[in-house]
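Comments concern the structure below.
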Amino acid sequence: MITVTLGLENKTPYYQVDHRGKNIIGKSRLGLRFKDVPHLDGGFAISSSETSSFDNIWTQPWGEKKDIRNHYNELRAILTETDGLKRSMVVVFRVYDDGIGFRYELPKQESLGDVQIIDELTEFQINDPATAWWIPAREWNRYEYLYDKTPLTEVSHVHTPLTLRTEAGLHISIHEAALVDYAGMTLKRGRGQSLKADLTPLSDGIKVKATAPFHTPWRTLQISDTAGGLITSYLILNLNEPNKQGDVSWVTPGKYVGIWWEMHLGVASWGSGVKHGATTERTKTYIDFAADHGFNGVLVEGWNIGWDGDWFSNGDFFRFTEAYPDFDIKVLSDYAQSKGVRLIGHHETSGGISNYEQQLSDALDYYQKLGITSIKTGYVADGGGITFTDENGKTHYEWHDSQFMVRHYQKVIDEAAKRKIAINTHEPIKDTGLRRTYPNWVSREGARGQEYNAWGEPGNSPEHTAILPFTRMLAGPMDFTPGIFDLLFEKEKPNNRIPTTLAKQLALYVVLYSPIQMAADLPENYQVRPKTFQFIKDVPTDWENTLVLNGEVGDFVTIVRKDRHSDDWFLGSLTNEKARKFEISLDFLSADTTYMAQIYGDGPKADFENNPYDMVIEEKQVTAKTKLVIDLATSGGQAIRFTPLK
Ligand code: NOJ
Ligand code: CA
């Protein structure tokens, strides 16, 4: 049981949280500070408070779980200044079985109109000594860091979701829900284990510009005895508004391949020339491959004018309606559709927002006319390096998670929805569950993906994908781009490699949820391993249910998901650099049914460093009563498909 207390101390508001009768979040401050007008941070009385309850079940159009229960008790308290302007501020708390959310609402009032927020005072005073898994905020990279694990007292300035485990074994994730027209919230540590909201500033130093009435995003705490309980908490989605896009049957989950990995391996280029990857001919091979193996999308990067030279720094040169001459987009899009496949569009902006926004309508119209129904967008620019030019020709530099970019990403989502186009954002603002309200926002990057293994500076550690499910993935789907089969790519980049076994690449499809999943390797590398490839062909990306069978942050995790469109179940299990073995119960399967389990596991000699390809693919008949032993090699994994036998 979770209890929230809202109170005033010397007229200054605070809240605290108890869990099973024990105080876990100590007295933590609330309030907002403004430029030019008096702050709303003290001098209050609670002028009214009311409680209510809510309980319903809603259905996701696509997702990791079909039906979600939204069950909470709400407290709405109005805080009114006792002197001066006598303004009011509403604080709303929603208390769930799996955590809490709260937000500030600023009603329209005579003495409160346009405001410029310079600080949000929200604190999270963590009581018990805790370990934290974190990535730094406001650094040169956006969110693409290896996670650090330290005592909370060694955290300085971090992004959310921030995952904590207390000494008593309680898991807490601090994040936010429904980040709309506001600044992203990062956390700064104060004394001891006290964390405080630190809103990402706009280029002029103001954090948020708003006009009452408005409300902030929800500040969230997910609380669970087990690490896995964080994964099956749907609190973030529950705190978002229901779908505002109506019939979204045009948003189609699925799997895709693409002209992509070859650029990261350096064997093809985004820009024009002899190495140009996005040629008509090469794209046809991909379309054929996709059609032959049941993929519904083909991503092609480097298809449009603007990639030549230092594209990283030339965000203003991209043309979003002009293909390179050796890429016949019309012919290819028609060809793809004739085979039941769609091209996936690509808009790399390099963070040049003015250039992109000027072309946005035309660019989306252009794709819509071609029958392209989904786009991967990209904002490759260093943190604080997003640019836009104002009406006076002055260039401004923005962060990826400021209010400016929150608005920009939203604009792309809204414009794309008008044209029935889905968006997968790379270098995004972190996810805060907005897919519930805007289901065409299908996926994002927002953490280190597979590409880092090609770049190797350094690559992802074996524990990285054992940390993501309990950190980044709590925010929402990630386009990690799993499924590299040529783990060593000795010819292309002999010093780098994929730091996993082959079986672990398969497990990622179940462990790292996204409604769109890439089979990221080159077709040639799949063709030589058809038996292993079968799992990628079989695994769905749209689920009726998700269960976490075991897991510890950074160590291992086993997740099972039930297909939304059949009676099949799928399992993904993976470990960090340590080999491990455990027994799992299959009691999630339907009783009285025998299933064929197709098991793709690490072989007896597998070890990610010296023998990453050793795999056993076998079939076993199982029932809900079966106990299955999962044997994972170092940085290993296991993937299973369970199909009911008729
Ligand atoms: C970074 C993205 O994460 C990657 O997938 C893409 O290939 C490059 N940007 C180029 O757009
Ligand atoms: Ca990236």
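Because the structure is predicted, anything quoted here is derived from the model rather than measured. Counting starts at 1 for both ligands and their atoms, in listed order. Positions are given from 1, in the same order as the sequence printed here.
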Hey, can you tell me if [X] and [Y] have their rings parallel, tilted or perpendicular (30° and 60° cut-offs)?
X      : Y      : result
Tyr409 : Tyr379 : perpendicular
Phe295 : Phe533 : parallel
Tyr367 : His347 : parallel

Query raised in the report: Considering only heavy atoms, which protein residues lie less than 4.0 Å from any atom of ligand 1?
Result: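 Heavy-atom contacts below 4.0 Å: Trp260, His264, Trp270, Glu301, Trp307, Trp311, His346, Glu348, Lys376, Val380, His426, Glu427, Glu445, Glu451.
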
Report task. Only one of Trp303, Trp270, Trp307 passes ring pair (Phe, Tyr, Trp, His ring centres under 6.0 Å) with Phe318; say which it is. Result ->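 Of all the options given, the one that passes is Trp307.
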
**Report entry** Glu415 and Lys418 ion-paired at < 4.0 Å
**Finding:**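 Looking at Lys418 together with Glu415, the answer is yes, because their closest N to O distance falls below 4.0 Å.
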
Report task. Salt-bridge test for Arg282 and Glu262: reply yes if a basic N is under 4.0 Å from a carboxylate O, no otherwise. Result ->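 Looking at Glu262 together with Arg282, the answer is yes, because their closest N to O distance falls below 4.0 Å.
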
Report task. Let me know which of Thr321, Ile375, Ile372 forms a side-chain contact (heavy atoms from CB on, under 4.5 Å) with Leu364. Result ->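 Among the candidates, only Ile375 passes.
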
Query - salt bridge (Lys or Arg N to Asp or Glu O under 4.0 Å) between Glu451 and Lys493, intermediate numbers included - result: CA-CA 13 Å; Glu451 59 196 25; Lys493 295 220 168 165; over 6 Å; no

Requested in this report: Please list, in chain and residue-number order, the protein N/O/S atoms closer than 3.0 Å to the Ca ion (ligand 2).
Outcome: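 Less than 3.0 Å away from the Ca ion (ligand 2) sit Glu144 OE2, Glu427 OE2, Glu445 OE1, Glu445 OE2, Glu451 OE2.
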
Query raised in the report: Below 6.0 angstrom between ring centroids: does that apply to Tyr509 and Phe570?
Result: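 No, the ring centres sit 6.0 Å or more apart.
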
